2 protein chains.
Amino acid sequence: MKWDTLDEEPCSLSRTVAVVGDRWTLLILRECFLRVRRFEAFQSSLQITRHLLSERLKKLVRFGILRRVPYSESPKRYEYILTQKGLDLYPIIMAMVHWGDTHMGDERGRPLLHEHKTCGKLFDPVMVCSECGEPLHAKQVHVHAGPGRREAVG
Amino acid sequence: MKWDTLDEEPCSLSRTVAVVGDRWTLLILRECFLRVRRFEAFQSSLQITRHLLSERLKKLVRFGILRRVPYSESPKRYEYILTQKGLDLYPIIMAMVHWGDTHMGDERGRPLLHEHKTCGKLFDPVMVCSECGEPLHAKQVHVHAGPGRREAVG
DNA sequence: TTTGACAGTTCTATTTTAGAACTATAGCCT
DNA sequence: AGGCTATAGTTCTAAAATAGAACTGTCAAA
């Protein structure tokens with residue numbers, strides 16, 4: 001597999017996987033959504049090697065998911081903040097958290113609970129159809145080739 | 001990082017990442033949702049090495065995401081079918097496809113279109129709150145420690 | 001009896017990751 | 001002035017994972 005051009009495959013899943021499809025990147029994004037922004041903070045909460053952290057942050061900046069913003073002149077220091085493109089990854093992260101809650105739980109219960117400020121309740125995320133609003137299930141979906149399809153890939 | 005015990009971390013995202021948090025596994029799951037079931041079919045559509053395919057399929061079976069079902073006695077041959085636990089990964093896959101459609105598209109348009117059989121329309125997936133039904137955004141969510149939380153992880 | 005399909009396993013070379021040490025800038029303390 | 005600390009990285013070597021190709025075993029069909 002040519003991982004270096006995976007983001008140009010005629011498949012939206014491949015393109016997403018090219019950007020966020022590895023363990024460390026997903027864990028870094030979790031920290032971002034928990035409002036972690038600084039190199040040392042990522043490093044100490046994840047126990048990731050500094051080398052890989054540096055490399056992954058660069059990649060996320062390169063793909064426009066994080067912005068590297070100075071928070072101190074002299075000495076120049078930067079923090080990493082989610083862009084809108086990065087914030088839009090929220091459904092992916094939440095879908096993964098929800099699946100983990102549902103299928104990988106233990107007797108101690110959930111690690112985190114999520115409150116929807118808008119309605120004030122603890123919630124779970126639900127994926128619905130943009131057209132009819134009903135919850136979506138794999139078996140109710142039919143896939144068609146779209147205009148950007150080249151070959152026999154999804 | 002102790003990747004071998006990531007599925008026991010007190011964090012639902014980590015536990016999910018432990019199971020589906022790598023490139024090949026996500027691409028294999030895409031094929032599963034496109035109704036690919038057999039070793040040779042996965043191998044030829046993904047161009048994954050047979051070694052890794054074998055290893056990943058075993059892992060997905062071990063975690064209860066695929067079932068290895070015989071479709072021929074003599075010679076014994078098996079195919080790999082999504083369990084309910086595997087089908088429940090659909091929101092993760094669809095959220096990734098949707099993000100790719102939105103943020104990684106090119107001038108050729110979408111590779112695939114999705115039709116909701118229930119309502120008959122082409123749709124996008126939307127993540128909503130289970131309690132009030134409104135679309136969810138990261139900034140409207142407040143996180144609380146749940147009973148299964150041990151330390152300062154999500 | 002030979003060929004081909006299918007579902008793997010085994011082997012070596014290359015790439016990626018882990019782990020630790022090192023660099024650079026600047027503020028603060030004595 | 002000299003040394004300590006904080007932050008944000010870079011560099012180095014060893015270990016682990018992946019790529020790529022060849023090989024194995026079972027059976028059916030020609």
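Quantities reported herein were computed from a predicted structural model and do not represent experimental measurements. In what follows, every chain begins at residue 1, and chains take the letters A, B, ... in the order their sequences are listed.
In this structure, B:D4 atom CG and C:dA18 atom P are separated by 12 Å, rounded to whole Å. Rounded to an integer number of Å, the gap from CD of A:Q43 to P of C:dA21 is 14 Å.
With no hydrogens or angles considered, a side-chain donor-acceptor pair links B:R68 and B:Y80 at under 3.5 Å.
With sequence neighbours left out, B:Q47 forms a side chain to side chain contact (heavy atoms under 4.5 Å, CB included) with no residue at all. Annotation: side chain to side chain contact (heavy atoms under 4.5 Å, CB included) contacts of A:S44 (sequence neighbours excluded): none. For B:E40, the salt bridge (Lys or Arg N to Asp or Glu O under 4.0 Å) criterion is met by B:R50, not counting sequence neighbours. Scored by the side chain to side chain contact (heavy atoms under 4.5 Å, CB included) test, B:E8 finds B:T5 as partners (sequence neighbours excluded). Annotation: ring-ring contact (aromatic ring centres under 6.0 Å, His included) contacts of B:F33 (sequence neighbours excluded): B:Y90.
Considering only heavy atoms from C-beta on, A:I48 comes within 4.5 Å of A:I28 through its side chain.
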Atom pairs under 3.5 Å: protein N/O with N/O of nucleotides 12-15 of chain C:
none

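Checking A:F39 against B:W3, the closest nucleotide of DNA chain D that is more toward the 5' end is the one next to A:F39.
Across all non-hydrogen atoms, the minimal contact from A:L136 to A:V128 is CD1-O, 3.5 Å.
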Chi angles and distances behind the side chain to side chain contact (heavy atoms under 4.5 Å, CB included) call for B:K59, B:R62: CA-CA 5 Å; B:K59 181 174 167 186; B:R62 183 154 38 81; 3.6 Å; yes
Worked verdict on B:L27 versus A:S14 for side chain to side chain contact (heavy atoms under 4.5 Å, CB included): CA-CA 7 Å; B:L27 294 174; A:S14 296; 3.6 Å; yes
Stepwise side chain to side chain contact (heavy atoms under 4.5 Å, CB included) test for A:R38 and A:Y71: CA-CA 10 Å; A:R38 299 188 182 173; A:Y71 70 90; 3.3 Å; yes
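Below 30°, between 30° and 60°, or above 60°: for B:H144 and B:H142 the angle between ring planes is above 60°, a perpendicular geometry.
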Mind listing the side-chain donor-acceptor pairs of residues 116-123 of chain B below 3.5 Å, one per line with the distance, residues two or more places apart or on another chain?
unit_1: B:H116; atom_1: NE2; unit_2: A:Q140; atom_2: OE1; d: 3.4
unit_1: B:H116; atom_1: NE2; unit_2: B:T118; atom_2: OG1; d: 3.2
unit_1: B:K117; atom_1: NZ; unit_2: A:K139; atom_2: O; d: 3.3

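Residues from residues 66-73 of chain B with heavy atoms under 4.0 angstrom of DNA chain C, sorted by number: B:R68, B:Y71. A heavy atom lying under 4.0 Å from DNA chain C marks the following residues of residues 76-83 of chain A, by number: A:R77. Against DNA chain D, the stretch residues 46-64 of chain A makes heavy-atom approaches under 4.0 Å through A:R50, A:H51, A:S54, A:K58.
Note on residues 90-114 of chain B: pairs passing salt bridge (Lys or Arg N to Asp or Glu O under 4.0 Å), not counting sequence neighbours, are A:R15-B:D106, B:D101-B:R110, B:D106-B:R108, B:R110-B:D124.
B:R30 pairs with exactly one of B:V97, B:L46, B:V36 by the side-chain contact (heavy atoms from CB on, under 4.5 Å) rule, that one being B:L46.
Chain A approaches DNA chain D over the interval D:dA6 to D:dG20, counting the first and last nucleotide 5' to 3' with an atom under 4.0 Å from its heavy atoms.
Closest approach to the B:R38 side chain among C:dA7, C:dT17, C:dA26 is made by C:dA7 (side chain taken as heavy atoms from C-beta onward).
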